[in-house]
Amino acid sequence: MSVSTPTISTDSTSLPIMETFYSLQGEGFHQGKASFFIRLAGCDVGCFWCDVKESWDASLHPRRTIESLTEEAIQHPAKTIIITGGEPLLHQLDELTQSLKDAGKTVHLETSGSSPLSGHFDWICLSPKKFKAPLPEVISKADELKIIVYNKHDLTWALEWEQQVNSSCQLYLQPEWDQRDKILPEIITFILQHPRWQLSMQVHKFASIP
C-alpha cells in the first residue's frame, strides 16, 4: 500500500474522513478519558507497522464538511476531541478546530509533525517517525512526546528527541503492538534508568475497544 502524495490540502471547508468514533483515549497522558475521535485520511509517512494503513490514501475516503463533523462531535458528552490520522497535518485544520472550540470542545492533535502546523489545539501529541522527520515548529509546541518502540535502538533514539522538545513536554514510550512482549522488558529497564519517561500501553487494544 502506498502513501499519499505529500501535498498539503488547501480545501478547509471539507476533509477526507476515514472514520469517526466515540471511545476512550488508549494512549499517553490522557489515557482512559472519554473522547470523540476524528481520523483524517491521507499519510505521507507510511510506517510499516501502522495499524491503520487503510487511512493512507485520502482518495479512498469521503469528504465531510466542517459543519457535519462539528454536529456529530457535539452529540457526545465528552469534551475532548482527538484529531488523528493518517497524518492530519496534511490538511488545513484552522476551520475544523475553531468550529470545535466554538462548540465548547477541547481539541487534541496526534501527529508525526512531518507537515506544517495548522489549527488551534489544546494538546499536541508528537510521535516522530524515522521515515520523515518532524518540523521544528511542531517539535517546539509538543505537549507530549510519544516514541513507538519497535527495537532497542528506538530507546537511544528517544533520548535524542528528549533533547529537542520543551522542558515541560510529557515523555512516553509505547511498545509497537506486535513487538510488545519482546520489547517491554527493555522499555521498563530504560524507564527505571530515565524516570522522566513513562509507559504507554495502548489500553484500548487490551480492552478490545476502538
Side-chain angles (χ1 to χ4, degrees), residues 1 3 18 23-33 35 37 39-40 43-56 80 82-90 108-115 117 121 123-210:
M1 184 174 293
V3 297
M18 176 191 156
S23 188
L24 303 184
Q25 168 61 285
E27 304 175 2
F29 185 81
H30 294 281
Q31 174 186 297
K33 293 183 179 179
S35 305
F37 291 78
R39 187 181 301 282
L40 294 169
C43 184
D44 62 343
V45 183
C47 305
F48 67 89
W49 38 255
C50 177
D51 55 6
V52 283
K53 289 185 174 69
E54 58 270 36
S55 71
W56 290 2
T80 301
I82 298 175
I83 298 177
T84 185
E87 175 41 65
L89 290 181
L90 284 176
H108 295 193
L109 174 68
E110 296 183 346
T111 179
S112 71
S114 60
S115 295
L117 184 63
F121 295 101
W123 189 267
I124 296 176
C125 174
L126 171 65
S127 184
K129 305 299 188 295
K130 296 176 181 176
F131 318 106
K132 189 172 183 184
L135 301 177
E137 66 189 81
V138 187
I139 298 171
S140 65
K141 291 186 169 59
D143 300 288
E144 176 181 348
L145 174 67
K146 181 175 66 183
I147 301 294
I148 309 302
V149 183
Y150 184 83
N151 55 42
K152 191 173 181 179
H153 177 266
D154 292 329
L155 297 171
T156 302
W157 195 64
L159 291 176
E160 297 175 13
W161 284 106
E162 181 179 355
Q163 301 305 311
Q164 298 186 53
V165 295
N166 65 74
S167 60
S168 63
C169 185
Q170 301 294 310
L171 307 178
Y172 284 89
L173 297 172
Q174 181 169 295
E176 194 279 325
W177 183 253
D178 291 334
Q179 299 295 316
R180 63 191 184 281
D181 292 337
K182 176 181 178 181
I183 200 64
L184 185 56
E186 299 279 0
I187 294 175
I188 292 172
T189 297
F190 179 93
I191 292 174
L192 291 173
Q193 295 171 346
H194 303 87
R196 270 203 69 199
W197 289 88
Q198 302 176 64
L199 179 64
S200 174
M201 279 298 291
Q202 292 188 291
V203 296
H204 59 295
K205 292 187 176 181
F206 286 104
S208 299
I209 58 175

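Start at 1 with the first residue, then count along the sequence. Since we're looking at a predicted model, the values are computed, not measured.
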Margin query: Can you give me the closest heavy-atom contact between N166 and A142, atom names plus distance?
Written below: ND2-O, 3.0 Å
Checklist line | Validation row: I82, H108 side chains within 4.5 angstrom (heavy atoms) | finding: yes
Next item on the list: Start with the C-alpha distance between W56 and C50, add both sets of side-chain angles, then the distance that settles side-chain contact (heavy atoms from CB on, under 4.5 Å), and finish with yes or no.
Entry: CA-CA 10 Å; W56 290 2; C50 177; 3.6 Å; yes
Next item on the list: Supply the atom-to-atom distance L40 CG to E110 CD, rounded to the nearest 0.5 angstrom.
Entry: 11.5 Å
Notebook entry, point to check: Do Q198 and Q31 get their side chains close enough for a donor-acceptor pair, meaning under 3.5 Å?
Noted result: no
Margin query: Would the distance check show the side chain of Q202 and the main-chain N or O of K205 forming a donor-acceptor pair, the cut-off being under 3.5 Å?
Written below: no
Item checked: Which atom of L90 lies closest to which atom of S115, heavy atoms considered -> CD2-OG, 3.5 Å
Checklist line | All ring pair (Phe, Tyr, Trp, His ring centres under 6.0 Å) counterparts of H194, not counting sequence neighbours | finding: F190
Note to self: What I want to check is whether the side chains of S112 and E87 have a donor and an acceptor closer together than 3.5 Å.
What the structure shows: yes
Next item on the list: Before giving the answer on side-chain contact (heavy atoms from CB on, under 4.5 Å), spell out for V52 and R39 the whole-Å C-alpha distance, their side-chain angles and the decisive distance to 0.1 Å.
Entry: CA-CA 10 Å; V52 283; R39 187 181 301 282; 3.7 Å; yes
Next item on the list: Please name all residues satisfying ring pair (Phe, Tyr, Trp, His ring centres under 6.0 Å) with F37, sequence neighbours left out, ordered by chain then number.
Entry: F21
Notebook entry, point to check: Do the non-hydrogen side-chain atoms of V138 and S114 ever get within less than 4.5 Å of each other?
Noted result: no
Next item on the list: Show your working on side-chain contact (heavy atoms from CB on, under 4.5 Å) between V165 and L171 and close with a plain yes or no.
Entry: CA-CA 9 Å; V165 295; L171 307 178; 4.1 Å; yes
Check: In Å and rounded to the nearest 0.5 Å, what is the CG to OG distance from L173 to S200?
Finding: 9.0 Å
Check: Rounded to the nearest 0.5 Å, how far does CH2 of W157 lie from CD of E160?
Finding: 8.5 Å
Margin query: For Q179, is there any backbone N or O sitting under 3.5 Å from a side-chain donor or acceptor partner on K182?
Written below: no
Next item on the list: Report the relative orientation of the aromatic rings in F206 and W177; use parallel for angles under 30°, tilted for 30 to 60°, perpendicular for over 60°.
Entry: perpendicular
Check: Would you say S23's side chain and P210's backbone share a donor-acceptor pair under 3.5 angstrom?
Finding: yes
Margin query: Any non-hydrogen side-chain atom of V203 less than 4.5 Å from a side-chain atom of L24?
Written below: no
Notebook entry, point to check: Rounded to the nearest 0.5 Å, how far does NZ of K129 lie from CD1 of I148?
Noted result: 5.5 Å
Next item on the list: Could you list all the side-chain hydrogen bond (donor to acceptor under 3.5 Å, both in side chains) pairs where at least one residue sits in residues 133-155, not counting sequence neighbours?
Entry: E27-K146, W123-E144, K130-H153, K130-D154
Check: How long is the gap from CD1 on I83 to OG on S35, to the nearest 0.5 Å?
Finding: 12.0 Å
Next item on the list: Please test Q164 against L145 for side-chain contact (heavy atoms from CB on, under 4.5 Å), starting from the C-alpha separation and ending with a verdict.
Entry: CA-CA 10 Å; Q164 298 186 53; L145 174 67; over 6 Å; no
Notebook entry, point to check: Would you say C125 and Y172 make side-chain contact, with heavy atoms under 4.5 Å?
Noted result: no
Notebook entry, point to check: Of the non-hydrogen atoms in C169 and R196, which two are nearest, and what is the gap between them?
Noted result: O-NH2, 3.0 Å
Item checked: Rounded distance [0.5 Å steps], CG in L117 versus CD1 in I139 -> 11.5 Å
Notebook entry, point to check: Does any non-hydrogen side-chain atom of T80 lie less than 4.5 Å from one of Q25?
Noted result: no
